[in-house]
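Please read all numbers here as calculations on a predicted model, not as lab measurements.
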Amino acid sequence: MSDDIAAIEQEIAQFEAERSGVLARIKALSAEEDPLAGVFRHEEIHAAKQEKLRLDFEIQYRRARINRLRFGG
């Protein structure tokens with residue numbers, strides 16, 4: 001069981017690292033936007049936000065799995 005938890009924690013760490021990268025990408029894309037010059041990145045920002053939500057879900061799901069393993073639910 002502890003091996004399973006360790007593996008899941010490793011997955012969580014990987015997803016959190018990916019999430020940090022996506023957040024940086026969202027920030028960079030937002031900074032690139034210049035409405036006066038006609039530069040919009042709304043599609044890329046939306047896709048990155050969707051990816052962030054997916055990663056948030058993966059992290060939350062794995063934390064719930066760890067809790068089920070620890071507490072026998």
Under the side-chain contact (heavy atoms from CB on, under 4.5 Å) test against Ile45, which residue among Arg41, Glu43, His42 passes? Arg41

Please report the interatomic distance CZ(Arg65) to CD1(Ile12), rounded to the nearest 0.5 Å. 9.5 Å

Listing, residues 20-29 side-chain donor-acceptor contacts under 3.5 Å, not counting sequence neighbours, or none:
{"from": "Ser20", "atom 1": "OG", "to": "Glu16", "atom 2": "O", "distance (Å)": "3.2"}

Would you compute the distance between atom CZ of Arg19 and atom CD of Glu58 and round it to the nearest 0.5 angstrom? 13.0 Å

Mind checking the CG-CD spacing from Leu55 to Gln50? Nearest 0.5 Å is all I need. 11.5 Å

Would Ile66 and Phe57 show up in the same hydrophobic cluster when neighbours are defined by side-chain heavy atoms closer than 4.5 Å? no

Distance (rounded to the nearest 0.5 Å) between Ile5 CD1 and Gln10 CD: 13.5 Å

Give a yes or no on whether Phe40 atom CZ has more than 12 heavy-atom contacts from other residues, nucleotides or ligands under 6.0 Å away. yes

To the nearest 0.5 Å, atom CZ of Arg62 lies from atom CD of Gln14 at 9.0 Å

Rounded distance (nearest 0.5 Å) linking atom CZ of Arg54 with atom CZ of Phe15: 6.0 Å

